[in-house]
Amino acid sequence: MDCIFCRIVEKKAQAKILYEDERSIAFEDIAPQAPVHVLIIPRRHISTALEIREEDKDLIGHLFLIASKIASEKGIAERGFRLVLNCNREAGQTVFHLHLHLLGG
């Protein structure tokens, strides 16, 4: 499998990392669609939302908490922001590693 996000997690591809911990990593999108466009991903490869399992509930909640933290740090929390999770090609998913888009500004 050749997944760019897995390579970022493994530090084999560059990204402007804004946050990381043992379960997740967040970095700036290389083709931003808004003044603030951050991707928040689990370190473990999950291809799509359809692969989320019961035991992933805490991980998914964690991704949303990280998004909220970054929105505050970027100064967009009070004004408003969007969280987008695309699932499969027709919904616009282009990288098949689960990721939240944090968009604002």
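As the structure is a prediction and not an experimental result, all values here were calculated from the model.
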remark   = Tightest non-hydrogen contact, residues P35 and G105, listed as CG-O, 3.0 Å

inquiry  = Between L59 and I52, is there a side-chain heavy-atom distance shorter than 4.5 Å?
reply    = no

key: Spatial distance of atom NE2 (H45) from atom CD1 (I41) [nearest 0.5 Å]   = 10.0 Å

remark   = In this structure, CZ of F81 is separated from CG of L102 (nearest 0.5 Å) by 6.5 Å

task = Can you sort out the partners of D29 under side-chain hydrogen bond (donor to acceptor under 3.5 Å, both in side chains), two or more places apart, ordered by chain and number?
result = H37

query = At what distance, to the nearest 0.5 angstrom, does CD1 of I40 lie from CD1 of I70?
reply = 5.0 Å

ask   = Is there a path of hydrophobic side-chain contacts, each under 4.5 Å between heavy atoms of I, L, V, M, F, W or Y residues, that connects I4 with F96?
value = no

For residues 12-22, tabulate all N or O donor-acceptor pairs below 3.5 Å that involve a side-chain atom, not counting sequence neighbours.
residue	atom	partner	partner atom	Å
Y19	OH	D21	OD2	2.6
E20	OE1	K11	NZ	2.8
E20	OE1	R43	NH2	2.8
E20	OE2	K11	NZ	3.1
D21	OD1	R23	N	2.8
D21	OD1	S24	N	2.7
D21	OD1	S24	OG	3.0
D21	OD2	S24	OG	3.4
D21	OD2	H62	NE2	2.6

message = Does any part of the side chain of R7, heavy atoms only, come nearer than 4.5 Å to the side chain of D2, both counted from C-beta?
response = yes

task = Could you tell me the separation between the CD1 atom of I66 and the CD1 atom of I25, rounded to the nearest 0.5 Å?
result = 11.5 Å

ask   = Looking at SG of C3 and CD of E10, how far apart are the two atoms once the value is rounded to the nearest 0.5 Å?
value = 9.0 Å

request  = Please report the closest heavy-atom contact between L103 and A34, naming both atoms and the distance.
outcome  = CD2-CB, 4.0 Å

note = V84 and N86 have their tightest heavy-atom pair at CG1-OD1, 3.4 Å

task = Please round to the nearest 0.5 Å and tell me the distance separating atom CD of E51 and atom CG of L98.
result = 9.0 Å

Student check: side-chain heavy atoms of V95 and L39 closer than 4.5 Å = no

request  = Tell me, yes or no, whether the heavy-atom count around E78 atom CD, taken from other residues, nucleotides or ligands under 6.0 Å, exceeds 12.
outcome  = no

ask   = Linking I/L/V/M/F/W/Y whenever any side-chain heavy atoms sit under 4.5 Å apart, do I76 and L100 land together?
value = yes

query = Counting distance only, does the side-chain N/O of H99 pair as donor-acceptor with the main-chain N or O of A26 below 3.5 Å?
reply = no

message = Closer than 4.0 angstrom, basic N to acidic O: yes or no for E28 and K74?
response = yes

